[in-house]
Structure formats: C-alpha cells, structure tokens
K.L.:
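Sharing a structure below in structure tokens format, with a few things to ask.
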Amino acid sequence: MTILRNRVLRRVAETLGILFGVAVFVFVMLRAIPGDQITAGLGTEAAALTPAQRQALEQYYGLDQSLVTQFFSWLGNMFTGNFGYSARSQQSVLELTLHSLPVTFELAVFSIVLALLIGVPLGMLAASRTNSVRDAAGQVVSLAGLSIPAFLLATTLLSVFAASFGFNPNGQGFATLVDDPLLNLRQMLLPSLVLGFGIAAPILRTTRTAVLEVRSNDFVRTARAKGVPERRLQIRHVLGNALVPIVTMTGLQFGYLLGGAVVVEQIFSVPGIGRQVLLGIQQKEYAVVQSTVLVIALAFVLVNLLTDGLYRLIDPRVRAS
Amino acid sequence: MSGLLRRSPIGLAGVVILALLAVVAVLSYLGLLPYDPVAQHPPARFLAPSGEHLFGTDQFGRDVFSRVAAGVGNSALIAVVAVAFATVVGTLGGLVSGFYRGLADGAIGGVTNVLFAFPPLLLALSLASVLDRNWFTIAVAIAIVYVPIFIRVTRGPVLSLREIEYVKAAVSTGLSRWQIMLRHVLPNITSIIVIQVALSLSWAVLTEASLSFLGLGTPPPAPSLGSMIFEARSLVFVAPWTLIAPGAVVVLLVVGLNLLGDGLRDTLDPRNRGKR
C-alpha cells in the first residue's frame with residue numbers, strides 16, 4: 001500500500017514539475033515576440049508616446065519588473081483565477097475559458113466515442129481473417145485516416161453537406177448542450193466525425209495487432225475447446241484482454257485531438273478552446289494565448305495521468321506489479 | 001535498403017508515389033514549371049482543366065498545376081529540413097541521455113517531458129506564431145515538436161545496448177565514450193531511426209499544411225498546399241479543381257510517406273519479421 005502511495009505521490013510530483021516547466025516555456029516563448037503589450041495594444045501609435053507616457057504604461061503593465069518577477073506574478077495570478085483580460089471580447093480569460101473548455105470537452109468525448117465505434121469493430125474484423133479482403137479494407141481505412149488532413153476533410157464535408165443536402169447547422173450561432181440539445185448535437189456531428197476519423201486509424205491498427213496477439217494465446221484455444229460461444233469468446237476473452245493497448249492508444253490520441261480541435265473548431269465555428277488560442281494569436285492578444293495554452297497543456301497532462309490510472313484499473317497485472 | 005524495400009510491396013508503392021512527387025518538386029526548384037506559380041493573369045480566371053492548364057486556373061488566373069508543384073516543393077523542403085534537424089538533435093539527445101545517464105539524462109528527460117505536455121499541433125502553432133514567419137522558421141517550429149519523439153525512441157534501445165557485452169568490451173579497449181556511441185551504439189539503432197524518419201516526414205507534411213491552412217505557414221503569395229486549400233474553400237462550386245488538385249496531392253504525399261514508413265517497419269523492425 002505504501003509502495004502504491006509512493007508511486008502515486010511521485011507521479012503527482014513529476015506532473016507538477018512538468019507543469020512548472022510548461023509554464024516557464026510558454027512564458028519565455030511569448031516573451032520572444034518582438035514588441036510588448038504596449039505596441040501590441042496601440043500599434044504604430046506606440047511610436048508617438050513620450051518617454052514619460054511609455055514609462056507610465058510600462059509600470060501599469062508591470063513591464064518594468066524583472067522577468068522573474070513578471071513570471072511569478074503571472075503564475076500567482078493563474079492560481080487565484082486571474083488569467084488575464086481580453087480587451088477585444090471585453091471578458092476575462094477565465095470567463096472565456098469557462099465557456100470554451102466544456103465545448104471542446106464535449107467535442108473530444110464525441111470524437112473519441114465515434115473513433116472507438118469505427119476503429120474497434122473494424123480492427124476486430126480485420127484481425128478475424130488476416131490477409132483477406134476485409135483485412136485489406138481495414139488497412140485502406142486506416143491509411144486514409146492517417147493521411148487525409150483534418151482541415152481538408154472538414155472543408156470538403158462542410159461544402160458538400162451544405163450544398164447537396166442543405167445541412168449546415170454550423171452556419172447559425174453556436175448552441176450549447178443546455179441551450180438547445182438537438183441543435184447542439186447537429187452542430188457537433190461533422191466536427192466530431194472529422195476528428196474521430198483521424199483517431200480511428202491508430203485505434204483500428206492497435207485493435208488489430210492486439211487482437212491477433214491475444215488470439216495466439218493458449219487460453220483462447222482452451223476456452224474454445226470448452227465450448228465458449230464464439231461471440232462471447234471474441235468479446236469477453238479476446239477483446240477484454242486486448243483492451244489495455246486500445247485504451248493506451250486512445251489516451252495517446254488526446255494530443256492529436258486537442259491540436260486538431262484548433263483546426264476543426266475554426267472551420268466549423270465551434271467556440272472551443274482551440275479557437276480561443278487561434279483567435280488570440282490572430283488578434284495578437286498574448287495574455288489570452290499564454291493562459292489558454294497553459295490550460296490546454298494542463299488538460300493534456302491530466303488526461304495522460306488519468307489514462308495511466310485507467311489502465312491500472314483495467315489490467316490487474318499492472319496493479320499487482 | 002533497396003533490397004529490403006523489394007520485399008515489401010507497400011513500401012515499393014510508397015517509393016513510386018514519392019519518386020513521382022519528387023520529380024515535380026525538383027521541377028519547381030529548377031524553375032521548370034509551365035507557368036510562374038505566383039504570376040496573376042486575370043483574363044484567364046477559373047479556366048477548367050485543359051491541355052494548356054492541366055489543373056485549371058484559380059481566381060487570379062494563376063496556373064493551379066504550377067502552384068501545386070511549387071507547393072509540393074515547399075512542403076517537401078520544410079518537412080525534410082524539420083525532420084533532419086529533429087533527427088540529428090533528437091538522436092544525439094537520446095544517445096547522450098541513454099549512455100551517460102545521470103544528470104544529462106535528467107535534464108534531457110525534463111525538457112522532453114515539458115515538450116510532450118503540449119499537443120503537437122498546438123506547440124507548432126504557438127512557436128510559428130511567435131517566430132518571424134518564413135519557410136525556415138516554420139521548419140524550426142516543426143522540428144522542435146519532433147525532437148522529443150526522437151529522443152524517446154532512441155534512448156530506450158541505447159539504455160539496453162550499453163549493457164551488452166561488445167559495448168562493454170569496447171569500453172575496456174579504451175575507446176572514448178563518443179567513439180563508442182558513434183561506432184558501436186548508433187549503427188545498432190539506425191533501423192529504428194530510419195522508420196521514425198519516414199513516419200515523422202508524413203506528420204511534418206501534415207503539420208506544415210495545417211499551419212498554412214490556418215494562416216500561420218509560409219506567408220503568401222508563396223504557394224503552399226494548405227493555404228491553397230484554404231483559399232479554395234469558397235470556390236468549391238465555381239472551380240472545384242482549385243480544391244481537388246492541392247487536396248489530392250497533399251493526401252498523395254502523406255500516403256506515399258506512410259506507405260514507405262509502414263514498408264520500412266515491416267522489413268526493418270525485428271519484431272515484425274516473419275509476421276506477414
């Protein structure tokens with residue numbers, strides 16, 4: 001028990017260290033931009049500032065402090081929920097994030113569910129007879145998923161559905177799941193299909209390999225000899241044991257998902273966290289970018305931690321060792 | 001490597017596709033394209049594909065084939081430079097990390113973990129947004145994303161190789177650590193690196209295309225497959241070839257690289273030997 005607790009503590013400490021490194025990296029990266037908040041806010045008019053005005057503004061923004069002081073005051077502010085302020089949207093970054101994060105979370109959940117619904121059955125089907133037509137079909141689907149860029153698929157689907165079927169729910173204002181569940185689901189359909197298709201490919205491949213590996217075990221032969229019905233055998237015995245690599249692979253795809261969300265949210269006008277970063281970059285609101293990127297990295301690190309825990313839950317061997 | 005590829009039909013298919021696209025890219029580098037990819041010619045707007053304009057023309061009367069070819073050249077250049085940088089830095093990092101262990105390992109591992117905490121596309125996007133944008137800085141931004149992957153892929157095998165007898169024997173003959181790393185350890189991890197290079201190239205192409213689609217790639221009017229697709233969004237029904245041509249080519253490029261990567265993995269990775 002103490003060993004387990006030590007390991008969990010170590011993992012948590014490690015995660016905190018990583019997050020601190022991430023904060024330093026984001027801070028340094030955004031300081032590399034030529035100019036500062038003053039030139040970003042005023043544009044060319046910044047040149048007209050008198051030295052005294054400039055000094056006053058620098059003091060106001062805290063730019064006269066050392067970089068280390070600036071860093072810790074930003075980090076300290078993040079802890080107290082002060083993520084900065086977006087002048088263009090007249091909202092605090094915390095407010096923006098509280099609205100956008102659930103949207104991206106919903107998109108991520110739908111995408112993963114769709115990816116599993118596509119990837120796992122196709123992977124099992126491909127493994128059921130290697131080097132057959134269905135195996136080749138599985139390979140083609142996974143190759144397509146790995147090779148078609150999300151932005152291309154999204155652009156094509158958006159135009160084709162809008163023009164041919166008059167289906168363009170994303171053309172109107174975004175509705176949250178609470179506002180209008182039906183419209184929300186329609187708006188989420190194409191974006192999550194695009195992201196889900198991208199992740200379905202590695203899930204399909206992993207399922208195929210894992211199922212082939214599990215099937216070669218003696219216990220599968222024993223179960224079959226004992227007369228376990230084929231369907232039960234495939235699902236409980238084979239898929240059950242193939243679950244660990246599948247869950248791991250799904251967790252690993254979360255990074256792709258959060259990156260892909262930037263592209264897909266932009267194309268389908270879904271007001272998620274990816275779009276928030278992109279808007280921040282486009283409008284040069286670096287306070288928004290800095291805090292939002294940190295929030296995304298935090299989410300990503302937490303998901304990795306969670307996948308780790310989940311995998312301990314599914315696989316008793318990992319729990320015991 | 002050619003012998004290995006002959007044993008893998010999918011690898012061969014990848015090589016054929018890539019060779020075809022390489023010819024197109026080389027034509028663009030040599031300035032041998034049928035038209036200037038950036039020259040506007042308004043009277044010839046939206047011409048459908050024909051013998052004169054293989055892939056038609058766009059909203060400014062520019063030849064789509066020439067633009068796609070230049071875009072392939074541009075993508076290939078950025079992807080190759082980015083992956084070359086990531087391979088050299090990442091492999092060295094992995095070698096030092098696995099071979100020296102201790103403090104170096106800790107420091108390199110720390111940086112790796114921090115970079116891995118970012119979703120790859122988001123990291124490339126943030127880096128591209130702060131850098132002065134040209135093809136080289138885009139390549140650097142993409143390279144930084146892939147350095148930790150090469151570190152992680154090489155470190156593990158290096159850790160186990162350093163415990164193997166012949167490496168220990170080399171140590172006892174008095175060779176320096178760098179001589180051992182480069183002469184005895186590196187040659188034994190080349191197949192892992194080669195597979196990773198092929199797969200990373202396909203991701204690099206996708207990342208570059210996504211960045212330029214989002215307006216954070218090489219600035220216009222330089223043709224880039226991603227920005228061509230972005231511009232074609234609203235023209236799909238007026239001039240579908242403006243979307244189909246760059247779209248099909250970017251998919252073809254990534255398919256070629258993925259097939260090559262899979263082919264190499266099937267033939268080079270000892271775990272896959274005899275499986276197929």
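Proteins get letters first, then strands, A, B, ... in listed order; numbering begins at 1 in each.
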K.L.:
For B:D262, is it the side chain, the backbone, both, or neither that has a heavy atom closer than 4.5 Å to a heavy atom of chain A?
P.N.:
side chain
K.L.:
Decide yes or no on side-chain contact (heavy atoms from CB on, under 4.5 Å) for B:V254 and A:L146, but give the supporting numbers first.
P.N.:
CA-CA 8 Å; B:V254 180; A:L146 290 176; over 6 Å; no
K.L.:
Between B:L253 and chain A, with a heavy-atom cut-off of 4.5 Å, which part of the residue counts as in contact: side chain, backbone, both or neither?
P.N.:
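Neither part.
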K.L.:
Can you tell me which portion of A:I267 sits under 4.5 Å from chain B's heavy atoms? Options are side chain, backbone, both or neither.
P.N.:
side chain
K.L.:
Considering only heavy atoms and a distance below 4.5 Å, find which of B:L122, B:L252, B:L243, B:V250 pairs most often with chain A.
P.N.:
B:L122
K.L.:
With a 4.5 angstrom heavy-atom cut-off, could you sort out which part of B:S210 is near chain A: side chain, backbone, both or neither?
P.N.:
both
K.L.:
Which distance, rounded to the nearest 0.5 Å, do you find between the OG of A:S142 and the CG of B:N258?
P.N.:
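It comes to 9.0 Å.
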K.L.:
For side-chain contact (heavy atoms from CB on, under 4.5 Å), just list the numbers for B:R233 and A:S159, CA-CA rounded to whole Å, side-chain angles, deciding distance to a tenth of an Å, and then say yes or no.
P.N.:
CA-CA 8 Å; B:R233 261 171 336 154; A:S159 339; over 6 Å; no
K.L.:
If we only count heavy atoms from C-beta on, is the A:V293 to B:L123 side-chain gap below 4.5 Å?
P.N.:
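A:V293 does not reach B:L123 side chain to side chain.
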K.L.:
By a 4.5 Å heavy-atom criterion (distance strictly below it), what part of A:V289 contacts chain B: side chain, backbone, both, or neither?
P.N.:
neither
K.L.:
Given heavy-atom pairs under 4.5 angstrom as the criterion, report whether the side chain, backbone, both or neither of B:F237 touches chain A.
P.N.:
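Just the side chain, heavy atoms under 4.5 Å.
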K.L.:
Can you name the nearest heavy-atom pair linking A:Q282 to B:L214, along with the distance?
P.N.:
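Residues A:Q282 and B:L214, closest heavy atoms: NE2-O, 4.0 Å.
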K.L.:
Could you tell me whether A:F167 atom CZ has more than 12 heavy atoms of other residues or ligands within 6.0 Å of it?
P.N.:
yes
K.L.:
Against chain A, label B:F213 side chain, backbone, both or neither, depending on which of its atoms sit under 4.5 Å from a heavy atom there.
P.N.:
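When you check distances to chain A, only side chain atoms of B:F213 fall under 4.5 Å.
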K.L.:
Select one option (side chain, backbone, both, neither) describing which atoms of B:V236 are under 4.5 Å from chain A's heavy atoms.
P.N.:
side chain
K.L.:
Output the distance between atom CG (A:L278) and atom OG (B:S129), rounded to the nearest 0.5 Å.
P.N.:
9.5 Å
K.L.:
Who among A:T156, A:V301, A:I281 has the most heavy-atom pairs with chain B under 4.5 Å?
P.N.:
A:I281
K.L.:
Tell me, for B:I244 versus chain A, whether the close heavy atoms (under 4.5 Å) come from the side chain, the backbone, both or neither.
P.N.:
neither
K.L.:
Nearest heavy-atom pair of A:S147 and B:L206: which atoms, and what distance?
P.N.:
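Closest heavy-atom pair between A:S147 and B:L206: O-CD2, 4.1 Å.
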K.L.:
For B:A117 and A:I18, work out which heavy atoms get closest and say how close.
P.N.:
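It is CB-CG2, 3.8 Å.
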K.L.:
Search all heavy atoms of B:P119 against all heavy atoms of A:L258 and return the closest pair with its distance.
P.N.:
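Result for this residue pair: CG-CB, 3.6 Å.
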K.L.:
Between B:L115 and A:F25, is a side-chain contact (heavy atoms from CB on, under 4.5 Å) present by the stated rule, with each step listed?
P.N.:
CA-CA 9 Å; B:L115 290 177; A:F25 186 86; 3.8 Å; yes
K.L.:
Evaluate the side-chain contact (heavy atoms from CB on, under 4.5 Å) criterion for residues B:F118 and A:V26: first the C-alpha distance (whole Å), next the side-chain angles of each, then the deciding distance (0.1 Å), finally the verdict.
P.N.:
CA-CA 10 Å; B:F118 294 95; A:V26 171; 3.7 Å; yes
K.L.:
Strictly less than 4.5 Å between heavy atoms, which residues of residues 196-203 of chain A line up against chain B? Please order them by number.
P.N.:
none
K.L.:
Residue by residue, scan residues 138-150 of chain B and write down, ordered by number, those that have a heavy-atom distance under 4.5 Å to chain A; if none do, write 'none'.
P.N.:
none
